[in-house]
Amino acid sequence: MTSTTANTPAITPRLAPRLSGEVARARARGQPLVALESTIITHGMPWPQNLETARRVEREVRARGAVPATVAVLEGALHVGLEDEQLEQLAQARDVAKLSRADLAACIARGGTGATTVAATMICAHLAGIEVFATGGIGGVHRGAELSFDISADLRELALTPVTVVAAGAKAILDLPKTLEVLETLGVPVVAHGQDALPAFWSRDSGLAAPLRMDSAAEIAAAHRMRARLGLGGGQLVANPIPPEAEIPAADLAPLIDQAIAEAETRAISAKSLTPFLLQRIFELTDGRSLEANIALVLNNARLAADIASRLAAAAG
Ligand code: PSU
Ligand code: MN
């Protein structure tokens with residue numbers, strides 16, 4: 001007699017993400033892959049610059065000899081690598097859900113559509129065997145978090161999931177010293193690329209020293225591998241400064257950021273809506289200059305991520 005429990009596997013098989021043709025071929029050949037998030041497309045930039053940037057980021061990764069894998073949930077299917085039409089549909093879609101670790105399973109199970117944040121993109125990249133991920137800026141500890149408790153799930157994800165994330169630091173809308181403290185508590189290496197200071201997204205220098213500095217993709221790739229060999233789990237945060245010609249000096253931005261935060265408070269905007277609101281207001285208050293800077297830094301991060309992925313692929317062979 002078969003027991004009813006015999007049909008229940010001891011280990012639930014992992015979900016196999018749906019791969020784009022390009023990503024499937026790259027995986028089969030062991031080519032370097034770079035994951036890309038989609039919340040930056042749906043919630044981080046306005047149409048049509050969002051689509052244009054997403055395409056340019058993918059091209060930049062390819063030009064550097066790696067293959068881009070943009071992550072999103074489309075009608076209940078987890079996609080790692082989007083075909084161009086899917087990218088375009090997502091960029092134009094309205095009311096797309098913003099998916100972090102807490103939201104991912106429910107969205108897929110219900111057949112929903114959603115864009116992945118840094119945290120959710122790390123989870124999906126790891127499911128697909130991708131070790132490097134490029135974005136703009138990660139979420140962090142919001143100012144006033146001692147009262148609001150608003151700390152992005154991105155930070156905890158970096159402690160859990162073994163993906164190296166290349167960002168331009170944390171956005172200056174956040175409390176950067178507290179963000180660094182939380183990352184340290186969680187055991188996440190924070191590596192400034194090519195300089196001693198922690199970059200602050202739209203500006204190259206946050207005024208804070210980065211805990212670690214590395215000057216090459218090879219060094220970053222070696223540290224990534226060593227974490228795995230030590231059984232440490234978790235990823236690394238690589239903070240890559242915005243190119244000098246694209247930066248907005250911190251002093252120019254500070255009053256605009258204060259204004260945007262004050263408006264968010266007056267309008268009681270919080271939780272998931274806060275980061276998209278602040279980015280949109282800063283875009284308006286800088287007459288679009290913040291968006292130009294954002295685009296330049298994402299492209300720059302895509303290049304470094306492709307170089308790190310190439311080093312990892314070469315070392316794996
Ligand atoms: N970086 C950008 N634009 C963005 C984001 C990052 O340049 O829109 C998104 C990322 O998806 C990040 C999220 O994971 O903001 C953080 O949101 P929250 O603070 O709600 O965790
Ligand atoms: Mn939050």
Side-chain angles (χ1 to χ4, degrees), residues 35-47 49-50 53-54 56-57 70-73 90-91 96-104 114-125 133-158 161 163 165-176 178-179 182-183 188 199-203 235 237-240 242 246 248 253 257 260-261 264 269-283 286 289-302 305:
L36 301 166
E37 64 154 311
S38 45
T39 296
I40 188 169
I41 303 172
T42 55
H43 294 70
M45 290 187 185
W47 170 267
Q49 288 96 336
N50 61 346
T53 306
R56 282 179 68 188
V57 169
T70 302
V71 174
V73 177
L90 191 69
V96 176
K98 174 178 162 185
L99 307 176
S100 191
R101 167 176 275 262
D103 318 287
L104 196 56
T116 51
T117 62
V118 168
T121 306
M122 289 178 74
I123 293 168
C124 302
F133 159 28
T135 182
I138 61 155
V141 180
H142 279 273
R143 298 191 198 172
E146 60 276 23
L147 296 176
S148 69
F149 277 48
D150 191 342
I151 302 177
S152 176
D154 293 350
L155 301 186
R156 193 173 157 272
E157 204 58 53
L158 280 159
T161 303
V163 172
V165 178
V166 182
K171 290 177 209 90
I173 54 176
L174 300 167
D175 187 321
L176 296 181
K178 287 196 184 76
T179 300
V182 169
L183 287 166
V188 175
F201 201 68
W202 298 291
S203 322
L237 175 60
V238 177
N240 190 28
I242 183 170
I248 308 179
L253 272 178
I257 291 172
I261 291 175
I269 290 163
S270 66
K272 275 186 177 309
S273 313
L274 182 59
T275 297
F277 173 82
L278 293 175
L279 289 175
Q280 172 64 22
R281 276 308 279 146
I282 290 164
F283 167 66
T286 58
R289 206 171 148 207
S290 69
L291 180 60
E292 280 170 43
N294 200 342
I295 293 169
L297 66 86
V298 183
L299 293 170
N300 192 44
N301 295 342

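In listed order, ligands and their atoms are each counted from 1.
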Trainee: What is the minimum heavy-atom distance between Val141 and Ile151, and which atoms define it?
Mentor: CG2-CG2, 4.0 Å
Trainee: Please test Gln49 against Thr53 for side-chain hydrogen bond (donor to acceptor under 3.5 Å, both in side chains), starting from the C-alpha separation and ending with a verdict.
Mentor: CA-CA 6 Å; Gln49 288 96 336; Thr53 306; over 6 Å; no
Trainee: For Ala115 and Ser38, which heavy atoms make the closest approach, and how far apart are they?
Mentor: CA-OG, 3.3 Å
Trainee: Side-chain contact test, heavy atoms from C-beta onward, threshold under 4.5 Å: evaluate it for Gln280 versus Phe283 and give yes or no.
Mentor: yes
Trainee: Provide, to 0.1 Å, the distance between atom 19 (O) of ligand 1 and the closest protein heavy atom, together with that atom's residue and name.
Mentor: Thr275 OG1, 2.8 Å
Trainee: Side chains of Val238 and Val165: does their closest heavy-atom pair fall under 4.5 Å?
Mentor: no
Trainee: Under 4.0 angstrom from ligand 1, any heavy atom of Lys98?
Mentor: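 Heavy atoms of Lys98 do come under 4.0 Å of ligand 1.
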Trainee: Can you find an N or O of Glu37 that's nearer than 3.5 Å to an N or O of ligand 1?
Mentor: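 N/O-N/O distance below 3.5 Å exists for this pair.
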Trainee: Indicate, as side chain, backbone, both or neither, the part of His142 found under 4.0 angstrom from ligand 1 when only non-hydrogen atoms are considered.
Mentor: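 Under 4.0 Å from ligand 1, His142 contributes side-chain atoms alone.
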Trainee: Measuring from atom 12 (C) of ligand 1, which candidate in Asp154, Thr135, Asn294, Thr39 has the nearest non-hydrogen atom?
Mentor: Asp154
Trainee: In terms of atom number and element, which parts of ligand 1 are under 4.0 angstrom from non-hydrogen atoms of Thr117?
Mentor: 11 (O), 14 (O)
Trainee: Identify, by name, the N, O or S atom of Asp150 lying closest to the Mn ion (ligand 2).
Mentor: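 Going through the N, O and S atoms of Asp150 one by one, OD1 ends up nearest to the Mn ion (ligand 2).
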Trainee: Which residue owns the protein heavy atom closest to atom 8 (O) of ligand 1, what's the atom, and how far is it?
Mentor: Gly44 CA, 3.3 Å
Trainee: Looking only at protein heavy atoms, identify the closest one to atom 2 (C) of ligand 1 and say how far it is in Å.
Mentor: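 Heavy-atom neighbour on the protein nearest atom 2 (C) of ligand 1: Lys171 CE, 3.6 Å.
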Trainee: Does the side chain of Val57 come within less than 4.5 Å of Ile40's, by heavy atoms?
Mentor: no
Trainee: Asn300 side chain to Ile242 main-chain N or O, any donor-acceptor pair under 3.5 Å?
Mentor: no
Trainee: Check Thr121, Thr42, Thr39, Asp103 against Thr116 for a side-chain hydrogen bond (donor to acceptor under 3.5 Å, both in side chains) and give me the one that passes.
Mentor: Thr121
Trainee: In the protein, what heavy atom is nearest to atom 7 (O) of ligand 1, and what distance, to one decimal place, separates them?
Mentor: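 So the nearest neighbour among protein heavy atoms is Phe201 CZ, 3.3 Å.
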Trainee: Quick check: Ser152 and ligand 1, any N/O pair under 3.5 Å apart?
Mentor: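 Min N/O separation from ligand 1 is below 3.5 Å for Ser152.
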Trainee: Nearest protein heavy atom to atom 1 (N) of ligand 1, by residue and atom, and its distance?
Mentor: Gly137 O, 2.9 Å
Trainee: Are more than 12 heavy atoms, taken from residues, nucleotides or ligands other than Arg56, located less than 6.0 Å from that residue's CZ atom?
Mentor: no
Trainee: Under 4.0 Å from ligand 1, counting heavy atoms only, is it the side chain of Val118, its backbone, both or neither?
Mentor: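 For Val118, the contact with ligand 1 is made by both the backbone and the side chain.
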Trainee: So if I count the atoms of ligand 1 from 1 in the order they appear, which ones are less than 4.0 Å from some heavy atom of Ile40?
Mentor: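 With Ile40 as reference, the close atoms of ligand 1 come out as 2 (C), 3 (N), 7 (O), 8 (O).
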Trainee: Does any part of the side chain of Ile257, heavy atoms only, come nearer than 4.5 Å to the side chain of Trp202, both counted from C-beta?
Mentor: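 Heavy-atom side-chain distance check passes, below 4.5 Å.
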Trainee: Side chain or backbone of Leu279 under 4.0 Å from ligand 1, or both, or neither, by non-hydrogen atoms?
Mentor: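 The side chain, only.
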